[in-house]
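Have a look at the structure below before the remarks.
These numbers come from a predicted model, not from an experiment. Atom set for the values below is all heavy atoms of this structure, side chains included, hydrogens, waters and symmetry mates excluded. Throughout, numbering of the chain's residues begins at 1 and tracks the sequence.
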Amino acid sequence: MTPRARFARDSAIVAYRNLLTILRVPTLLVTATIQPLMFVFLFAYIFGASLGGDQYREFLIAGIFTQTVAFNAAFTTVGLAGDLQKGIIDRMRTLPMSRLAVLMGRTLSDLVVNIVSLGVMSICGYVVGWRIHGSFGDAMLAFGIILLFAFAMSWVGALTGLISPTVEVAQSAGLIWLFPLTFISSAFISAETLPGPLRTIAEWNPITAVSAASRKLFENSSPPSFGTPSGWAADNCILYAIICSVVILALAMPAALLQYRKVASH
């Protein structure tokens with residue numbers, strides 16, 4: 001086999017192994033779907049009435065999509081930390097396989113989990129009143145941008161898991177930076193309402209970019225009470241969302257591979 005074919009085979013085997021784990025422990029998949037559903041109903045019906053009603057619900061769903069795939073990076077974080085703690089990484093290191101394939105297989109399996117999560121949330125969004133008003137091609141591009149961001153965040157999760165000494169630390173480390181990153185954005189509100197520095201952070205936040213790009217492609221408008229975003233990032237949200245994901249991948253992939261080589265050599 002050629003090196004590329006061997007790498008593809010090894011990655012597929014690792015991904016299959018991780019997906020089998022989910023099938024044998026289905027509560028893992030429940031976690032990936034129940035939490036976003038809770039956010040949908042919480043924001044749509046508890047806060048939605050005061051933030052714009054039906055129009056806010058359409059605005060909300062793209063933000064929920066983006067938040068969910070970002071939070072699902074915790075699967076990669078905890079999974080790799082668990083493999084390290086159980087010695088599975090040491091076993092893989094002794095096999096004649098690509099080191100990158102171990103990480104690629106993990107991130108690809110979590111990408112499948114994200115696809116399932118998006119499917120479940122799309123149905124839930126339809127129930128609460130969300131609709132896609134754009135073309136089929138634009139909708140597919142929106143989901144593609146969300147999944148590209150999900151793949152990029154999985155590599156950040158991989159790096160976090162590899163530098164965490166225990167599974168418990170990995171669980172905490174994944175949430176410490178994800179919560180502020182998510183809520184200092186326009187995933188759920190208009191960035192125009194935030195004060196000073198927080199507004200600047202929100203405008204350039206990758207989660208804002210992915211949410212805004214998805215809304216634009218779905219043709220989901222903002223409630224009338226929300227301000228109109230301005231600036232380069234807002235005007236070029238689709239391009240900026242793709243750039244953010246590519247930059248995250250360019251930084252996180254080599255850093256995760258370097259850290260994997262360090263921990264696998266111990």
Side-chain angles (χ1 to χ4, degrees), residues 10-40 63-89 92 99-122 124 143-182 187 206-207 210 245 248-249 251-253 255-257 259-260 263:
D10 293 345
S11 298
I13 291 173
V14 175
Y16 179 69
R17 172 252 176 188
N18 295 331
L19 291 174
L20 278 181
T21 301
I22 295 175
L23 290 176
R24 291 169 181 170
V25 189
T27 52
L28 295 174
L29 190 58
V30 171
T31 303
T33 54
I34 295 300
Q35 179 176 290
L37 294 184
M38 289 174 60
F39 273 105
V40 169
I64 294 288
F65 286 167
T66 308
Q67 180 214 40
T68 298
V69 299
F71 273 43
N72 281 353
F75 281 99
T76 309
T77 301
V78 175
L80 277 175
D83 287 346
L84 276 172
Q85 193 167 313
K86 295 172 185 175
I88 294 175
I89 295 296
M92 289 183 175
R99 293 177 177 179
L100 180 59
V102 176
L103 301 181
M104 184 64 74
R106 166 59 65 177
T107 54
L108 287 176
S109 64
D110 292 338
L111 185 62
V112 174
V113 172
N114 278 309
I115 292 173
V116 173
S117 296
L118 284 176
V120 172
M121 285 187 295
S122 295
C124 181
F143 283 119
I145 289 173
I146 294 170
L147 290 174
L148 176 62
F149 180 66
F151 187 61
M153 293 301 292
S154 290
W155 281 94
V156 176
L159 178 60
T160 305
L162 290 170
I163 63 178
S164 300
T166 65
V167 174
E168 292 74 20
V169 172
Q171 289 175 324
S172 300
L175 294 176
I176 287 174
W177 59 273
L178 270 175
F179 266 105
L181 183 71
T182 300
I207 288 183
V210 176
S245 296
I248 292 172
L249 280 171
L251 296 175
M253 286 184 72
L257 182 58
Q259 184 63 25
Y260 177 81
V263 298

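For the atom pair Leu103 CG and Leu162 CG, the distance stands at 6.0 Å (nearest 0.5 Å). Here CG of Leu108 is found 9.0 Å from OG of Ser154. Values are rounded to the nearest 0.5 Å. Note that the OG1 atom of Thr182 and the CD1 atom of Ile207 stand 3.5 Å from one another [nearest 0.5 Å]. To the nearest 0.5 Å, atom CE of residue Met121 and atom CD1 of residue Ile146 are 8.0 Å apart. For the atom pair Phe149 CZ and Asn114 CG, the distance stands at 10.5 Å (nearest 0.5 Å). Residue Leu249 holds its CG atom at 9.0 Å from OG1 of Thr107, rounded to the nearest 0.5 Å.
Between the side chain of Ser109 and the backbone N or O of Arg106 there is at least one donor-acceptor pair closer than 3.5 Å. Side chain of Gln67 to main chain of Ala187: no donor-acceptor pair is present (N/O by atom type, distance under 3.5 Å, no hydrogens or angles).
For Ser245 against Leu148, the heavy-atom pair with the smallest separation is CB-CG, 3.6 Å. The minimum heavy-atom distance between Thr68 and Ser117, with the atom names listed, is CG2-CB, 4.3 Å. A pairwise comparison of heavy atoms in Ala158 and Ala256 identifies CB-CB, 4.5 Å as the closest pair. Among all heavy-atom pairs drawn from Ser164 and Ala170, the shortest one is OG-CA, 3.5 Å.
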Exercise. Do Met153 and Thr76 pass the side chain to side chain contact (heavy atoms under 4.5 Å, CB included) test, and can you show the C-alpha distance, the side-chain angles, and the key distance before you say yes or no?
Worked result: CA-CA 9 Å; Met153 293 301 292; Thr76 309; over 6 Å; no
Problem set entry | CA sep, side-chain torsions, deciding dist, call: Ile115, Phe143, side chain to side chain contact (heavy atoms under 4.5 Å, CB included) | CA-CA 9 Å; Ile115 292 173; Phe143 283 119; over 6 Å; no
Exercise. Side chain to side chain contact (heavy atoms under 4.5 Å, CB included) between Leu118 and Leu147: does it pass, once the steps are laid out?
Worked result: CA-CA 9 Å; Leu118 284 176; Leu147 290 174; 3.5 Å; yes
For this session: Take Val156 and Ile248 through the side chain to side chain contact (heavy atoms under 4.5 Å, CB included) test and state the conclusion after the steps.
Result: CA-CA 8 Å; Val156 176; Ile248 292 172; 3.5 Å; yes
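Aromatic ring centroids of Phe179 and Phe71 lie under 6.0 Å apart.
The closest side-chain heavy-atom distance from Phe65 to Val210 is not below 4.5 Å.
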